[in-house]
Amino acid sequence: MNTAVQPPRADSAVTYDLIVLGSGAAGFAAATTAACKGLKVLMVEKAASFGGTSAISGGAVWIHDSDQARSAGIQDSPEAIRTYLRKTIGSGYNAELVDAFIEHGREALRFLETHTDLAYALRPFSPDYYPLEEGATDRGRALEMVEYDGRRLGERFKDLRRPPEGMLLFGGMMVNRVDIQHFLSLRRSPRSLWHCLKLLARYGLDRLRFERGTRLTVGNALIARLATTAFTKGVELSLNSSAESLILDQGRVCGVRVRKHGRLVDLHARCGVVCAMGGFAAGEQAANYRPDTGSEHLTMSPPGNDGAALALGSAVDAAAGAGLAANFFWAPVSELRRPNGERERFPHLVTDRAKPGIIAVNRAGQRFTNEANSYHSFVQAMQREGNAPCWLICDDEAMGRYGMGLARPRPVDNRALMEAGYLFRAETPEQLARVMGVDPQGLAATLARHNEDARVGVDREFAKGATSYNQSLGDPHHQPNPCLAPLTKAPWYAIRIHTGDLGSARGLVTDANANVLDRQGQPIASLYAAGNDMNSIMDGTYPGPGITIGPGLTFGYLAACHAAGRLQSNH
């Protein structure tokens with residue numbers, strides 16, 4: 001893996017214009033853009049399915065001044081978003097890359113939406129994650145994926161990465177943020193009831209022919225939309241294939257050596273190789289780049305995200321990021337261990353922590369942060385001494401209304417989760433504390449203090465529900481604070497939460513064209529990186545929803561444009 005090889009003889013290599021390593025959002029953005037510009041493209045994917053982490057993500061993008069925002073009459077100046085990013089990123093702010101993202105994000109999204117099946121809609125209300133910072137907005141930057149019919153992928157639908165069971169309802173039905181709110185409101189709103197009945201009818205028909213529902217949402221829809229166009233444009237996809245080494249010719253990357261079914265094949269690339277393999281969060285070296293909390297850490301990255309791009313880059317003297325604010329994009333994660341040994345992980349992003357009647361406590365039984373803040377911020381609080389693992393707890397009222405983690409709200413029976421040791425249940429807070437292994441007196445004092453605040457709607461300890469971002473994740477039907485309710489109704493429930501991540505932020509250093517730089521700061525000809533293989537332009541901070549996929553699409557597009565320009569100049 002760690003050696004670059006000399007170029008093969010011309011008659012020994014299969015030749016493409018562009019080779020893309022990886023099949024997530026950034027990889028498909030590069031591949032599809034290149035194909036739309038007339039290039040012959042191959043995608044190489046290590047796994048048996050395509051889509052990577054993007055396929056199980058929320059699919060949102062964070063983009064400045066999109067056409068969707070303009071159509072809604074929203075004005076967002078470049079100065080405002082630059083100011084916001086300077087405030088949130090801090091000393092790691094890279095003006096060259098941030099400017100490229102701001103200046104070309106709208107261009108990239110417009111190109112992909114014009115030339116592919118990609119389609120995004122503006123979120124009506126989606127505040128930046130630090131809404132009190134200068135330059136923040138409550139709407140205009142976050143876009144969400146429009147649902148898609150997976151049947152349009154044809155035979156390739158079976159190769160699309162399936163979301164984890166915890167992200168599906170009824171064994172195979174995908175839902176988005178809007179759907180979830182309708183399910184939570186179906187007993188209170190005839191409109192929500194009708195919405196849910198239509199989804200269930202569609203899903204029932206799908207299961208007569210397919211192993212899961214074909215109505216795709218969030219990240220699955222994102223990948224399916226790009227993939228449909230990519231395959232139509234002739235992009236080839238090689239699954240179960242791993243990149244072993246880059247091929248050099250006089251300092252230029254001109255191909256890649258790939259292992260498939262135990263056989264090595266040299267593939268030639270006329271104008272470039274794009275690394276978009278998802279980063280290194282699942283690799284053995286990941287533990288060296290995150291804080292040691294003395295507790296188990298759970299990543300949501302698939303096993304194939306093992307740092308292959310860093311290894312390939314190191315062999316050709318590529319520079320890797322250093323000194324980031326964080327090397328990962330953090331998320332709290334719970335894990336279900338099934339009786340057959342299978343493990344299922346659930347990222348606690350937007351569905352439970354902010355809801356009224358749900359709080360988080362540490363081993364002392366004490367709250368330690370605002371549960372409604374971003375998942376990245378929540379884990380940063382967990383990383384402080386004594387807070388990992390922690391527990392989400394709620395009473396019967398909150399469990400019945402919202403569920404928690406993999407546990408579903410009424411009328412779902414969650415006894416299997418209790419029997420598996422995922423969901424804890426007790427008749428009193430003291431009993432719950434003992435089952436959890438936390439201090440009963442500490443928990444009793446925490447509940448008394450929290451419940452007193454919740455009754456008047458003001459969290460004096462951590463200000464839960466005080467910002468627009470908090471409120472956007474709460475229950476709009478609950479007053480006076482959409483994020484606060486007393487925990488009073490037995491039984492009580494708890495779930496153990498571990499520090500986790502959605503992927504890595506540290507990657508190969510690039511310029512504004514996504515061209516990888518060497519350790520002397522010079523571009524390595526024809527080598528590109530995008531997505532989590534590219535050193536995060538956010539420096540490992542998390543300013544808003546979609547700050548990985550937004551730059552991923554943008555720099556995947558820019559990499560393909562630069563590569564296509566190289567091919568044209570050679571002609």
Side-chain angles (χ1 to χ4, degrees), residues 58 60 62 84-85 87-90 123 125-139 141-142 177 291 293 300 325-326 328-334 346-362 366-394 398 402 404-405 446 449-450 453-454 457-476 478 481-485 495 497-502 505 538-548:
W62 196 76
Y84 178 67
L85 289 175
K87 294 283 188 179
T88 53
I89 294 174
R123 282 186 180 173
F125 181 56
S126 186
D128 294 333
Y129 285 177
Y130 301 93
L132 301 183
E133 286 286 3
E134 184 181 358
T137 67
D138 280 348
R139 60 191 295 258
R141 294 172 184 167
R177 287 164 55 104
T293 64
M300 292 303 298
F328 299 87
F329 300 111
W330 306 120
V333 178
S334 58
F346 182 89
H348 295 256
L349 305 182
V350 299
T351 58
D352 51 21
R353 290 179 296 107
K355 296 297 188 290
I358 298 177
I359 62 173
V361 299
N362 59 19
Q366 299 172 346
R367 291 176 69 212
F368 56 90
T369 192
N370 180 340
E371 297 89 348
N373 281 348
S374 78
Y375 34 94
H376 189 78
S377 297
F378 187 88
V379 172
Q380 287 177 320
M382 288 183 68
Q383 290 168 347
R384 294 194 287 269
E385 185 175 357
N387 294 335
C390 70
W391 287 261
L392 286 184
I393 66 173
C394 70
Y402 313 113
M404 193 165 62
T446 294
R449 186 165 52 248
H450 172 269
D453 286 355
V458 178
D459 178 12
R460 291 172 293 177
E461 195 167 16
F462 296 107
K464 184 180 182 183
T467 70
S468 57
Y469 174 68
N470 285 182
Q471 294 160 15
S472 72
L473 301 179
D475 181 350
H478 182 82
N481 186 323
C483 301
L484 285 183
I495 293 173
I497 305 296
H498 299 271
T499 63
D501 65 74
L502 302 176
M538 304 299 173
D539 197 54
T541 64
Y542 221 117
I547 57 87
T548 55

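What you see is a predicted model, and the numbers here were worked out from it, not measured in a lab. All values below were derived from every heavy atom in this structure, side-chain atoms included, with hydrogens, water molecules and symmetry-related copies excluded.
For the residue pair Thr137 / Tyr84, no side-chain donor-acceptor distance below 3.5 Å is found, with atom types taken as modelled.
Rounding to the nearest 0.5 Å places OH of Tyr129 at 8.5 Å from OG of Ser472. Interatomic distance, CZ of Phe462 versus SG of Cys483, reported as 15.0 Å (0.5 Å rounding). Taken from NE2 in His478 to NZ in Lys355, the straight-line distance is 12.5 Å, to the nearest 0.5 Å. In this structure, OG1 in Thr467 is found 8.5 Å from CG in Leu473, a value given to the nearest 0.5 Å. Taken to the nearest 0.5 Å, the CD atom of Glu461 stands 10.0 Å off from the OG1 atom of Thr369. Interatomic distance, Asn481 CG to Asp453 CG, rounded to the nearest 0.5 Å: 10.0 Å.
Counting heavy atoms from C-beta outward, Ile358 and Glu371 have side chains that stay 4.5 Å or more apart. Counting heavy atoms from C-beta outward, Pro545 and Arg123 have side chains that approach closer than 4.5 Å. Counting heavy atoms from C-beta outward, Thr548 and Leu502 have side chains that stay 4.5 Å or more apart. Asn373 is listed as a side-chain neighbour of Asn470, based on a closest heavy-atom distance under 4.5 Å. A 4.5 Å side-chain heavy-atom check between Tyr469 and Asp128 finds every atom pair outside the cut-off.
Pairing each heavy atom of Thr541 with each of Ala325, the nearest pair is CG2-CB, 3.8 Å. Pairing each heavy atom of Pro347 with each of Met300, the nearest pair is CD-CE, 3.7 Å. Across Pro482 and Pro356, no two heavy atoms sit closer than the pair O-CD, 3.0 Å. Of all non-hydrogen atoms in His376 and Ala326, the two that sit nearest each other are CE1-CB, 4.3 Å. Between Met538 and Pro543, the shortest heavy-atom distance links the atoms SD-CG, 3.9 Å. Arg353 and Pro332 get closest at one heavy-atom pair: NE-CG, 3.9 Å.
The pair Arg367-Asp459 meets the salt-bridge criterion, since a charged nitrogen lies less than 4.0 angstrom from a carboxylate oxygen.
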Using a 3.5 Å cut-off and no angle test, enumerate the donor-acceptor pairs between side-chain atoms of residues 378-392 and protein atoms at least two apart in sequence or in another chain.
unit_1: Asn387; atom_1: OD1; unit_2: Asn362; atom_2: ND2; d: 2.9
unit_1: Asn387; atom_1: ND2; unit_2: Ala381; atom_2: O; d: 3.1

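Each of Tyr542, Trp330, Tyr130 was scored for a side chain to side chain donor-acceptor pair (under 3.5 Å) with Ser377, with one residue passing: Tyr130.
Contacts of Arg139 classified as salt bridge (Lys or Arg N to Asp or Glu O under 4.0 Å), with partners at least two apart in sequence or in another chain: none.
A donor-acceptor contact shorter than 3.5 Å is absent between the side chain of His348 and the backbone of Ala331.
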Dump the intermediate steps for side-chain contact (heavy atoms from CB on, under 4.5 Å) on Phe328 and Thr499, then the final yes or no.
CA-CA 11 Å; Phe328 299 87; Thr499 63; over 6 Å; no
